[in-house]
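The structure under discussion appears below in the form of structure tokens.
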Amino acid sequence: DGTLTHKDLGIEQVDLNFSGEGINLNYPGGLRSLMNADLSLEIEEDQPVLKGQILLLSAEYKETFNVESQLFRLIKSKGRSYSIIQRNKFLNDLNFYLQISTENPARIENNLIKAQAEANLTLSGSPYEPGLSGRIDIPESGEVYFAKNTYQIEQASINFINPNQIVPDINLRGQTKVSGYLIVLLISGTPDNLSASLTSDPFLPETDIISLLITGRRLEYVSSSLLDVVSTQALDYVEGAVLGKVEQIAEKTLGLDNVRIDTSLIASQENPETRITIGQNITPNLDLVISQGLRDTDERTVILNYNPIKN
């Protein structure tokens, strides 16, 4: 309800109010939410302002996080729209001041994380240049996934520190067990300046920890060819988040049944470098697997897998 007056094809005054319960929204891609909203649209200092409160009754985010996901692009651009399409004048002038909170924890389940999240956020800026401030907290019952290892979340939060952009400041502590060692993963910082570290109990140097994560063995018990791999920083594990889309595109384009890019595939003890592995089903019980290292292209492994048909 409310009033709106215009003059010379422009909005002169506006005072509109909107209240709704049980509203379904699917945005951004992969996020499904049910909400109550109490909003108003007014003119302040000659500019339209949309303000009010949004209460998320339930929310679920399941989109795979990779370079083509909407959330990845939103974070990468810091919320900015660089479209060459001419901007709508009303939307360009519109300002937000929306309080967003969760009544019940939101569920997140994708290739990186399985957890619940509680949010208390403020959306500001405009549709073309939004900003976000506030905090998201993730209880310790969740899990995060890196390089085929599952880490139990001990503590995790995301602070949005720039009200003029969308810049998440991540703080995560998780732990996993490998070969009798308790390994702790720490990730902190913004996407442009993310840092990660690994510690263990009993104590091991970080190179030994990464060797355990890749091969299941300490560095002294693996081939010398692993040295180049384990010297890579722990942050490299985050890159695994984008591999899923690469593999899907390769399977579709090449018409193969299976494409994988990994650091611990065939013959990992002999040559545990990053490898690309392709597979093709020849018959219902016979398939061909070819694995090749990305560093040493002369080294290749070919395997025929035969599974007898059970009566």
Side-chain angles (χ1 to χ4, degrees), residues 1-61 63 70-83 85-106 108 116-138 157-171 190-192:
D1 59 56
T3 61
L4 185 151
T5 60
H6 61 87
K7 181 179 180 181
D8 298 330
L9 301 179
I11 297 176
E12 186 176 53
Q13 291 184 343
V14 61
D15 185 7
L16 298 176
N17 299 289
F18 171 80
S19 295
E21 296 183 352
I23 304 168
N24 285 290
L25 181 66
N26 297 331
Y27 182 83
L31 176 64
R32 301 175 58 187
S33 56
L34 181 68
M35 67 183 69
N36 293 342
D38 186 8
L39 309 176
S40 66
L41 180 62
E42 304 173 1
I43 295 292
E44 296 183 359
E45 298 181 357
D46 297 326
Q47 286 189 311
V49 179
L50 180 64
K51 57 185 179 180
Q53 296 183 339
I54 295 175
L55 179 64
L56 297 177
L57 306 176
S58 63
E60 185 177 65
Y61 181 74
E63 184 187 38
Q70 287 192 30
L71 183 59
F72 179 90
R73 295 197 296 266
L74 184 66
I75 294 174
K76 189 70 175 177
S77 67
K78 299 180 181 178
R80 294 298 181 259
S81 173
Y82 299 105
S83 173
I85 299 176
Q86 184 176 1
R87 293 185 177 186
N88 177 278
K89 185 180 185 306
F90 175 76
L91 294 179
N92 193 56
D93 293 338
L94 179 65
N95 286 320
F96 292 133
Y97 188 76
L98 299 173
Q99 303 288 333
I100 304 170
S101 59
T102 53
E103 181 177 76
N104 301 298
I108 308 171
Q116 295 185 332
E118 299 171 348
N120 189 357
L121 304 168
T122 299
L123 177 65
S124 55
S126 71
Y128 296 113
E129 297 181 355
L132 199 62
S133 58
R135 180 182 175 97
I136 296 175
D137 287 296
I138 299 175
S157 63
I158 304 173
N159 288 290
F160 293 88
I161 57 178
N162 188 340
N164 299 314
Q165 295 180 333
I166 298 180
V167 183
D169 187 2
I170 301 167
N171 186 355
T190 64
D192 289 340

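These figures come from a predicted structure and were not determined experimentally.
The shortest side-chain heavy-atom distance between F18 and S40 does not fall under the 4.5 Å cut-off. Annotation: side chain of I100 is in contact with side chain of L56 (closest heavy-atom distance under 4.5 Å). In this structure, the side chains of T190 and I161 come closer than 4.5 Å at one or more pairs of heavy atoms. For the pair N92/R87, a side-chain contact is recorded, criterion being any heavy-atom separation below 4.5 Å from C-beta on. Between L39 and S19 there is no side-chain heavy-atom pair separated by less than 4.5 Å. Proximity of S33 to Y61: side-chain heavy atoms (C-beta onward) are nowhere separated by under 4.5 Å. Using a 4.5 Å cut-off on side-chain heavy atoms (C-beta onward), L31 and E63 make no contact.
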task: With salt bridge (Lys or Arg N to Asp or Glu O under 4.0 Å) as the test, would you mind laying out the steps for E44 and K51 before giving the verdict?
output: CA-CA 11 Å; E44 296 183 359; K51 57 185 179 180; 2.8 Å; yes
Derivation of the side-chain contact (heavy atoms from CB on, under 4.5 Å) call for E21 and N36: CA-CA 4 Å; E21 296 183 352; N36 293 342; 3.4 Å; yes
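Of all non-hydrogen atoms in P168 and P191, the two that sit nearest each other are O-CD, 3.2 Å. Nearest heavy atoms, I108 versus A117: CD1-CB, 3.9 Å. The minimum heavy-atom distance between I136 and F160, with the atom names listed, is CD1-CE1, 3.8 Å. In terms of heavy-atom proximity, P105 sits nearest to Q116 at CB-CB, 3.8 Å. For F96 against S126, the heavy-atom pair with the smallest separation is CE1-C, 3.7 Å.
Taking CG of L34 as the start and CG of L57 as the end, the distance is 5.0 Å to the nearest 0.5 Å. To the nearest 0.5 Å, atoms CG (N159) and CG (N171) are separated by 8.0 Å. Between L132 atom CG and N164 atom CG the span is 11.5 Å, to the nearest 0.5 Å.
With no hydrogens or angles considered, no side-chain donor-acceptor pair links N120 and R135 at under 3.5 Å. Side-chain atoms of D137 and S157 form no donor-acceptor pair, as typed in the model, at a separation below 3.5 Å.
For residues 95-106, the set of pairs meeting the side-chain hydrogen bond (donor to acceptor under 3.5 Å, both in side chains) definition, not counting sequence neighbours, comprises Q47-N95, Y97-Q99, Q99-T122.
Among the candidates N17, V49, L94, D15, the single residue satisfying the side-chain contact (heavy atoms from CB on, under 4.5 Å) test with L41 is L94.
Shown here is D46, whose CG atom has no more than 12 heavy atoms of other residues, nucleotides or ligands within 6.0 Å.
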